[in-house]
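One structure is given below, encoded as structure tokens.
Hydrogens, waters and symmetry mates are skipped; everything else that's a heavy atom, side chains included, is used. Whatever order the structure lists ligands and atoms in, that order sets their numbers, starting from 1.
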Amino acid sequence: MNFELTILGSGSAVPTANRNPTAHFLNFGEKFFLIDCGEGTQIQLKRYKLRFTRINHIFISHLHGDHYFGLIGLISTLNLLGRKNPLYIYGPPQLKELLDFQMKLADHYIGYKIEFTPLSYDQSKVIVDDRRYTVETIILKHRVHCCGFIFREKSKQRNIIREKIQQYQIPLKEVANIKAGADFLSTDGKFISNKELTIEPPKPKSYAFCSDTIYKESIIEQIKNVDLLYHEATFLSNLSELAKQTYHTTAAQAANIAKMANVKQLVIGHFSSRYASFDEFLQEACPVFENTQIAADGKRIPF
Ligand SMILES: [Zn+2]
Ligand SMILES: [Zn+2]
């Protein structure tokens with residue numbers, strides 16, 4: 001199964017020739033999610049050959065335009081492409097009003113259902129609880145209400161070793177119990193431990209998306225040990241005062257969060273349009289957290 005993040009937009013409020021505003025396409029074990037939808041996201045999806053029909057769930061972190069201005073365009077295009085399946089959108093409560101208003105003024109009929117879930121910002125919540133994974137919110141601190149998202153795969157059952165089924169004549173009805181951890185008693189009364197019959201399943205994967213936020217250590221506990229962390233890093237350290245004033249983070253601060261949360265990989269993005277080169281972002285982040293990489297539009301990051 002694949003677990004891969006594709007960066008669709010790595011810039012911040014002002015786009016540049018090479019960096020679109022924020023949007024991430026997440027392949028989470030062949031489940032596909034769009035996280036934030038800055039202007040031009042649908043063009044980025046086309047550019048990087050990601051199929052629109054795969055997207056059923058869209059998560060919007062907050063109502064700054066660089067995180068959602070592309071949404072109405074995408075909704076409209078999905079309609080033109082003849083979409084019939086419902087589209088699940090999770091975002092700030094006012095987003096629903098905004099979308100309804102735009103569609104009403106344009107007398108725009110959408111031929112599929114939009115299932116909207118308003119986010120709340122008082123405490124972290126599980127907003128999707130699927131058989132295979134969950135999505136929960138991370139409460140961030142920004143100029144407007146803002147949250148990030150953690151995608152967590154659920155623990156899988158142990159894998160039964162095929163040859164053992166034959167060897168011990170294990171009936172089919174016992175297989176489910178053994179996968180769940182039970183031992184087995186054969187017809188001739190022989191005890192066979194679960195350990196002998198099964199192997200460990202792969203470790204569940206996790207991805208944390210921390211959108212616009214001031215440096216906030218209280219998120220560390222929640223994102224501990226994730227496989228991949230995206231954290232915004234709008235500025236370098238010499239502008240840490242500006243970062244604070246505008247409720248953003250520097251590269252070194254993002255790396256500090258990654259280090260304290262003991263994550264496996266860090267990707268930083270949401271760079272201010274004032275920067276043309278990004279080596280300094282790595283020079284600030286890597287001494288703190290070595291496994292850091294710079295987001296770039298079109299970059300694919302397996303985890
Ligand atoms: Zn932003
Ligand atoms: Zn913002």
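Rounding to the nearest 0.5 Å gives a distance of 12.5 Å between OH of Y68 and CD1 of I89. Note: Q253 CD to F235 CZ = 11.0 Å, rounded to the nearest 0.5 Å.
The atom of D66 nearest to the Zn ion (ligand 1) is OD2, with the search restricted to N, O or S atoms. Atom NE2 is the N, O or S atom of H142 at the shortest distance from the Zn ion (ligand 2). Restricting H270 to its N, O or S atoms, the one at the least distance from the Zn ion (ligand 1) is NE2. In terms of distance to the Zn ion (ligand 2), the nearest N, O or S atom of H64 is named ND1.
H67 contributes NE2 and D212 contributes OD2; the angle these two atoms make at the Zn ion (ligand 1) is 90°, rounded to 10°.
Residue H62: no N/O/S atom is found under 2.8 Å from the Zn ion (ligand 1).
You'll find the side chain of T234 stays beyond 4.5 Å of the side chain of T246, heavy atoms only. Between Y112 and N79, the closest side-chain pair of non-hydrogen atoms falls below 4.5 Å. A heavy-atom distance below 4.5 Å is found between the side chains of I72 and L99.
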